[in-house]
Novice: 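Got a structure for you, questions after.
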Amino acid sequence: MENRLHGPLHDVAEEAGYADPPERAGFFTDTSVCIGCKACEVACKEWNDVPDDGFALTGMSYDNTGSLGASTWRHVAFVEQTKAHEVDDGAGSSRWLMASDVCKHCTHAACLDVCPTGALFRTEFATVVVQQDVCNGCAYCVSACPYGVIDRREGDGRAWKCTMCYDRIGDGMEPACAKACPTDSIQYGPLDELRERAKARLDDLHDQGVAEARLYGEDENDGVGGDGAFFLLLDEPEVYGLPPDPVVTTRDLPAMWKWAGGAAAALAGCVAVSFLGRR
């Protein structure tokens, strides 16, 4: 099976100088086997020299990081659910939903569209990386990201996010988070292969009676053209703090510029007519 880049991403890779781009790399996070150990968070910080988050307790269960940010490139969410049984004593059952969130490395990445300095670039693996030595801290990418992933670091001002360990995968190594995951909840590899593996896992869970299991971010026809990091979830995306229907925020920019150009031309025409009428 041919897994090399195709379509728009192949064109981007060629324009960037990659005559024979490699397979598109990605993450598949199977939340059904996540145990919330946070080994991924620790490994990410250690390898990428990401600073601490301030060691502040959020008071929200065991989640002491809260969300992705400039100093949290992997975030393990802890969702505690209690469901009441249909009995008179009102007893219920509880379960934990745990999921390691990360930058989605979108196919249609709005952060790339709005960056004025070229600090954000698409790698030969189709991942999206920020170059801190080029970033001017304008934060356009922060507001453009439909997932709220990118953030500026306090005292620094520049934007930071997951690089999918670009320095590791270029040498044929796994990203630090996937390497450290003890249950293989985080899997790294060619994106097409991961999608096939995810669908097989989903079918297996459905056969086991886990009807609520679903894939998130794997659809190439969604609002961002599919994610380079996608998930198997056991509940609605909103439960995990994920948008249910993400759309690239720059989708309507071409039409907006077209209408703006038309309006400017019409205004210029009116000015010209008015000037000629006076003469």
Novice: OH of Tyr140: more than 12 outside heavy atoms within 6.0 angstrom?
Specialist: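 12 or below, so no.
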Novice: If every non-hydrogen atom of Cys111 is compared with every non-hydrogen atom of Cys141, which pair is closest and at what distance?
Specialist: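 Looks like CB-CB, 3.8 Å.
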Novice: Side chains of Pro51 and Ser71: does their closest heavy-atom pair fall under 4.5 Å?
Specialist: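 Answer yes - side chains close enough.
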Novice: Quick check for you: to the nearest 0.5 Å, what is the distance between Leu215 atom CG and Leu202 atom CG?
Specialist: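 With rounding to 0.5 Å, CG (Leu215) is 4.5 Å from CG (Leu202).
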Novice: I would like to know whether Val128 and Cys103 meet side-chain contact (heavy atoms from CB on, under 4.5 Å); could you show each step before the answer?
Specialist: CA-CA 9 Å; Val128 179; Cys103 172; 5.6 Å; no
Novice: Can you get from Val33 to Leu97 by hopping between Ile, Leu, Val, Met, Phe, Trp and Tyr side chains that sit under 4.5 Å apart?
Specialist: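 No, it is not one cluster - the side chains of Val33 and Leu97 are not joined through contacts under 4.5 Å.
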Novice: Could you tell me whether the side chain of Lys161 and the main chain of Leu68 form a donor-acceptor pair under 3.5 Å?
Specialist: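 Here the side-chain-to-backbone pair does not exist.
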Novice: Could you tell me whether the side chain of Val102 reaches within less than 4.5 Å of the side chain of Cys177, counting heavy atoms only?
Specialist: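 SC-SC contact between Cys177 and Val102 ruled out.
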Novice: Is a side-chain donor or acceptor of Glu218 paired with a backbone partner of Leu232 at a separation under 3.5 angstrom?
Specialist: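 It does not hold such a pair.
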Novice: Do any N or O atoms from the side chain of Arg152 and from the backbone of Ala139 form a donor-acceptor pair under 3.5 angstrom?
Specialist: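 No; judged by distance alone, with no hydrogens or angles, the pair does not exist.
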Novice: Test of understanding: clusters of I, L, V, M, F, W, Y form through side-chain heavy atoms closer than 4.5 Å, transitively. Do Leu191 and Phe231 belong to the same one?
Specialist: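 Per the 4.5 Å side-chain linkage, Leu191 and Phe231 are co-clustered.
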Novice: Could you tell me whether the side chain of His206 and the main chain of Ala213 form a donor-acceptor pair under 3.5 Å?
Specialist: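 Indeed, once roles are kept as given, a pair shorter than 3.5 Å links the two residues.
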Novice: Given 3.5 Å as the limit, does a donor-acceptor pair link the side chain of Arg153 with the main chain of Gly69, or not?
Specialist: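 No.
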Novice: Between atom OG1 of Thr65 and atom CD of Glu41, what is the distance when rounded to the nearest 0.5 Å?
Specialist: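 If we round to the nearest 0.5 Å, Thr65:OG1 and Glu41:CD are 4.0 Å apart.
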Novice: Verify whether one side chain among His108 and Asp113 offers a donor that lies under 3.5 Å from an acceptor in the other.
Specialist: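 There is no such pair (donor and acceptor under 3.5 Å, judged by atom type) between the side chains of His108 and Asp113.
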Novice: Got a donor-acceptor contact below 3.5 angstrom from the Thr249 side chain to the Pro146 backbone?
Specialist: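 It does not hold such a pair.
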Novice: So do the side chains of Asp167 and Cys165 get within less than 4.5 Å of each other, counting heavy atoms only?
Specialist: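 In contact.
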Novice: In terms of heavy-atom contacts, does CD of Glu154 have more than 12 from other residues, nucleotides or ligands at under 6.0 Å?
Specialist: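 It does not: Glu154 CD has 12 such atoms or fewer within range.
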Novice: Restricting to non-hydrogen atoms, name the atom on Cys115 and the atom on Gly118 that form the minimum distance, rounded to 0.1 Å.
Specialist: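 In this case the closest contact between Cys115 and Gly118 is SG-N, 3.5 Å.
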Novice: Roughly how far, to the nearest 0.5 Å, is the CG atom of Leu234 from the CD atom of Gln81?
Specialist: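 Rounded to the nearest 0.5 Å, the CD-CG separation comes to 9.0 Å.
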Novice: If every non-hydrogen atom of Ala99 is compared with every non-hydrogen atom of Tyr240, which pair is closest and at what distance?
Specialist: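 Heavy-atom minimum between the residues: CB-CD2, 3.6 Å.
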Novice: What are the two closest heavy atoms between Thr107 and Gly226, and how far apart are they?
Specialist: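 The answer is OG1-O, 2.9 Å.
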Novice: Under the 3.5 angstrom rule, does the side chain of Asp171 hit a backbone N or O of Met173 as a donor-acceptor pair?
Specialist: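 It does not hold such a pair.
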Novice: Name the one of Asp53, Asp52, Thr72 that satisfies side-chain hydrogen bond (donor to acceptor under 3.5 Å, both in side chains) with Lys45?
Specialist: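 Answer to the side-chain hydrogen bond (donor to acceptor under 3.5 Å, both in side chains) test with Lys45 among Asp53, Asp52, Thr72: Asp53.
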Novice: Any chance you could measure Asp63, atom CG, to Glu80, atom CD, to the nearest 0.5 Å?
Specialist: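 Here the rounded value is 12.5 Å.
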Novice: Any chance the side chains of Tyr147 and Asp227 put a donor and an acceptor closer than 3.5 Å?
Specialist: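 Present: a donor and an acceptor within the cut-off.
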Novice: When you look at Trp160 and Val50, which way does the side-chain contact (heavy atoms from CB on, under 4.5 Å) test go after all the steps?
Specialist: CA-CA 10 Å; Trp160 301 78; Val50 179; over 6 Å; no
Novice: What distance separates Ser143 OG from Ile150 CD1, expressed to the nearest 0.5 Å?
Specialist: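 The OG atom of Ser143 sits 9.5 Å away from the CD1 atom of Ile150.
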Novice: Does Gln187 reach the main-chain N or O of Phe27 with its side chain, forming a donor-acceptor pair under 3.5 Å?
Specialist: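 Such a contact is absent between Gln187 side chain and Phe27 backbone.
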Novice: To the nearest 0.5 Å, tell me how far Cys34 SG sits from Phe78 CZ.
Specialist: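 Those atoms lie 7.0 Å apart.
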Novice: The test is side-chain contact (heavy atoms from CB on, under 4.5 Å); show your working for Arg74 and Cys162 and say whether it passes.
Specialist: CA-CA 8 Å; Arg74 270 280 179 186; Cys162 162; over 6 Å; no
Novice: I'd like to know if the side chain of Asp156 pairs up with that of Gln132 as donor and acceptor (distance under 3.5 Å, no hydrogens or angles considered).
Specialist: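 No, no side-chain donor-acceptor pair sits under 3.5 Å.
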Novice: Is Glu220 salt-bridged to Arg24, going by a charged N under 4.0 Å from an acidic O?
Specialist: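 Salt bridge: no.
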Novice: Side-chain contact, heavy-atom cut-off 4.5 Å: Val224 with Lys104?
Specialist: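 Not touching, per the 4.5 Å side-chain cut-off.
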Novice: With a 4.0 Å cut-off, would you call Asp184 and Arg197 a salt bridge?
Specialist: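 Here Asp184 does not pair with Arg197 in a salt bridge, since their nearest N and O are not under 4.0 Å apart.
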Novice: Do Lys38 and Met98 come close enough that some side-chain heavy atom pair is under 4.5 Å?
Specialist: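 Side chain of Lys38 against side chain of Met98, heavy atoms only: no contact under 4.5 Å found.
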Novice: Backbone N or O of Asp30 within a donor-acceptor pair of the Ser185 side chain at under 3.5 Å?
Specialist: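 Pair found, side chain donor or acceptor close to backbone of Asp30.
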Novice: List the atom of Thr29, the atom of Ser100, and the distance in Å for their closest heavy-atom pair.
Specialist: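 In this case the closest contact between Thr29 and Ser100 is CG2-O, 3.8 Å.
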Novice: What closest approach, in Å, do Asn136 and Pro116 show between heavy atoms, and which atom pair accounts for it?
Specialist: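 So the two residues come closest at ND2-CG, 4.4 Å.
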Novice: Given Phe121 and Val129, is the side-chain contact (heavy atoms from CB on, under 4.5 Å) satisfied, shown in steps?
Specialist: CA-CA 6 Å; Phe121 73 100; Val129 175; 3.7 Å; yes
Novice: When hydrophobic residues are tied together by side-chain contacts of less than 4.5 Å, even through go-betweens, does Val76 share a cluster with Trp47?
Specialist: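 Different hydrophobic clusters.
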Novice: Hey, would you say the Phe28 and Phe230 ring centroids sit under 6.0 Å apart?
Specialist: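 Yes, the ring of Phe28 comes within the 6.0 Å limit of the ring of Phe230, centre to centre.
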Novice: If you group Ile, Leu, Val, Met, Phe, Trp and Tyr by side-chain heavy-atom gaps below 4.5 Å, do Ile169 and Trp73 land in one group?
Specialist: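 No; tracing contacts between hydrophobic side chains, which count when under 4.5 Å, never links both residues.
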Novice: May I ask whether Val210 and Tyr216 are part of the same hydrophobic cluster, defined by side-chain heavy atoms of I, L, V, M, F, W, Y residues being less than 4.5 angstrom apart, directly or through others?
Specialist: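 Same cluster.
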